[in-house]
Amino acid sequence: MDKLTDDIHRCYFNHSVQFFYEQSGKNISAHWRPRDYVVVSLGMGVSVIVILANILVMVAIFINRRFHFPIYYLLGNLAAADLFSGIAYLHLMFHTGPWTIKLSQNQWFVRQTLIDSSLTASVLNLLAIALERHQTIFTMQLHSKMTNRRVVLLIAAIWGLAIFMGLVPTMGWHCLCDLDNCSTMAPMYQRSYLVFWAVLNLFTFSLMVAAYTRIFVYVRHKSQRMSQHTSQIRHKETVFNLMKTVSMILGCFVICWTPGLVLLMLDGLGCESCQVLRYEKYCLVLAECNSLVNPIIYSFRDTDMLQTFKRILCCLCRRGGTGHKDTLSGMRCNTLEQEPSNNRDAELEEKTRGAPLILKGTEDMVTSTES
């Protein structure tokens, strides 16, 4: 029999998912418990909000020509990754709890691959945005000079690496032939893979911290030198806005990701007294919340982006409420056409209005240098 052959070779390719859960000590309840209802309800709610928020960001970037710059393409790709993350997590919610018992090995690996790939893509996009802002600010520009071809190649590389990372356990870094090294949180993954994935994300975060720290130090130094040409109040506002934005970016990443990464490390290192299963679901929901926080930080606080959101929602409300035949493509989202400049100050304002939120406070520094 196949199962007997599997046992002889210490591989269990034909065993049920429940078998691996029982071996790792992560028992699946056959009945829905109050905790299961709470986790699934919370997860579904977060997923739906994540999906809707990121669809709104993607539509806004697509229809508004002000956003047709490399940084906004990366923001759109971040929204796509977070959208994928919301869909993957929603899929997880329909294949968790007592439903897990009904999964085959392939279905379980697909479920985990979707989650791992989407979260990896989101983190890699955050790193790409940090590096793009680093390069742009150090060359004293509002927008990167990166060509569309390079942006497309960068986006393709992000998705290629994310998908590869999601498929690594399926390609062999699992414990189907090594039950002693099975993870507790992900019973068909090897513990070493969890450590690797956690360390990789911590390394990515370290690069983000280094990039934003250099940006902050550089902008602060430049602003001090420029303070003799601008008012002291404006100088303080520039530095404060930069510090606030950077703190939000890094702070939200730490809050959303640290608990989950710590649990992965503890599970990967074989800590049996850490009770990782007690907090596992909630840490995953928290990590998913980063896909909700991203559009708020990177997009919703951008004035131009908010105006575009309002036009989209107003258009949808008019169509839904009165049967109006307006379409998104017919909306005049390009505010450059609506607010012509009549003097030098207006031209300067038009030039900087398209600057992305990330380091929005550095507009004054850049425009003052150019003038």
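Keep in mind the model is a prediction, meaning the values are calculated, not measured.
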Visitor: Is Y37 linked to V40 within one hydrophobic cluster, defined over Ile, Leu, Val, Met, Phe, Trp and Tyr using a side-chain heavy-atom separation of less than 4.5 Å?
Guide: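 Looking at the clustering, V40 is in the same group as Y37.
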Visitor: Is there a donor-acceptor contact under 3.5 Å from the side chain of S24 to the main chain of F20?
Guide: yes
Visitor: Answer yes or no: is there a side-chain heavy-atom contact under 4.5 Å between M265 and V195?
Guide: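 They are in contact (side-chain heavy atoms under 4.5 Å apart), so the answer is yes.
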Visitor: Should the SG of C289 and the SG of C256 be checked, would they turn out to be under 2.5 Å apart?
Guide: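 No; the two sulfurs sit 2.5 Å or more apart.
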Visitor: Are L131 and L207 in one and the same hydrophobic cluster, where Ile, Leu, Val, Met, Phe, Trp and Tyr link if side-chain heavy atoms are under 4.5 Å apart?
Guide: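 Shared cluster, yes.
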Visitor: Looking at side-chain heavy atoms only, is the closest gap between Q307 and D304 below 4.5 Å?
Guide: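 When only atoms from C-beta onward are counted, D304 and Q307 do touch, with a gap below 4.5 Å.
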Visitor: Measure up the Y12 and H15 rings against each other and bin them: parallel (under 30°), tilted (30 to 60°), perpendicular (over 60°).
Guide: perpendicular
Visitor: Any chain of hydrophobic side-chain contacts (each under 4.5 Å) joining I115 to I49?
Guide: yes
Visitor: Do you know which of L269, L266, V262 makes side chain to side chain contact (heavy atoms under 4.5 Å, CB included) with C274?
Guide: L266
Visitor: Between V123 and W257, is there a side-chain heavy-atom distance shorter than 4.5 Å?
Guide: yes
Visitor: Atom CG of D82 and atom CD of E288: how far apart are they, to the nearest 0.5 Å?
Guide: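 One gets 8.0 Å once the value is rounded to the nearest 0.5 Å.
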Visitor: From R111 CZ over to M93 CE, what is the distance, rounded to the nearest 0.5 angstrom?
Guide: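 Taking CZ in R111 and CE in M93, the distance rounds to 8.5 Å.
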Visitor: How about F19: does its CZ atom have over 12 heavy atoms from other parts shown lying under 6.0 Å from it?
Guide: yes
Visitor: Show your reasoning for whether ring-ring contact (aromatic ring centres under 6.0 Å, His included) applies to F196 and W173.
Guide: CA-CA 11 Å; F196 169 75; W173 207 341; 5.2 Å; yes
Visitor: Is there a continuous path of hydrophobic side-chain contacts, each under 4.5 Å between heavy atoms, that joins F164 to L119?
Guide: yes
Visitor: What class does the angle between the rings of H174 and F13 fall in, given that below 30° is parallel, 30 to 60° is tilted and above 60° is perpendicular?
Guide: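 Perpendicular, since the angle between the ring planes exceeds 60°.
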Visitor: Evaluate the ring planes of W108 and Y21, with Trp represented by its six-membered ring, and classify them as parallel (under 30°), tilted (30 to 60°) or perpendicular (over 60°).
Guide: perpendicular
Visitor: Would you give the length of the straight line joining atom CG of N77 to atom CG of L154, rounded to the nearest 0.5 angstrom?
Guide: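 N77 CG to L154 CG: 8.0 Å, rounded to 0.5 Å.
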Visitor: Quick one: do V199 and F205 end up in the same hydrophobic cluster if we chain Ile, Leu, Val, Met, Phe, Trp and Tyr together by side-chain heavy atoms under 4.5 Å apart?
Guide: no
Visitor: With a 4.5 Å cut-off on side-chain heavy atoms, are V57 and F309 touching?
Guide: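 The answer is yes, as the side chains (C-beta and beyond) meet within the 4.5 Å cut-off.
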Visitor: Any donor-acceptor pair under 3.5 Å linking the side chain of S117 with the backbone of L114?
Guide: no
Visitor: If you measure only the distance, is there a donor-acceptor pair under 3.5 Å linking the side chains of Y189 and D267?
Guide: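 Distance-only check fails for Y189 and D267.
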Visitor: Would you check, one step at a time, whether the test side chain to side chain contact (heavy atoms under 4.5 Å, CB included) holds for Y73 with V152?
Guide: CA-CA 9 Å; Y73 296 148; V152 171; over 6 Å; no
Visitor: Kindly compute the distance separating CE (M165) from CG (L200), expressed to the nearest 0.5 Å.
Guide: 5.0 Å
Visitor: Do T136 and F69 have side chains that approach each other closer than 4.5 Å (heavy atoms only, starting at C-beta)?
Guide: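 A side-chain contact under 4.5 Å is absent here.
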Visitor: Determine, step by step, whether M44 and Y89 satisfy the side chain to side chain contact (heavy atoms under 4.5 Å, CB included) criterion, reporting the C-alpha distance in whole Å, the side-chain angles of both residues, the deciding distance to 0.1 Å, and the verdict.
Guide: CA-CA 8 Å; M44 286 184 175; Y89 195 71; over 6 Å; no
Visitor: For the CZ atom on R150, are there more than 12 heavy atoms of other groups (residues, nucleotides or ligands in this structure) within a distance under 6.0 Å?
Guide: no
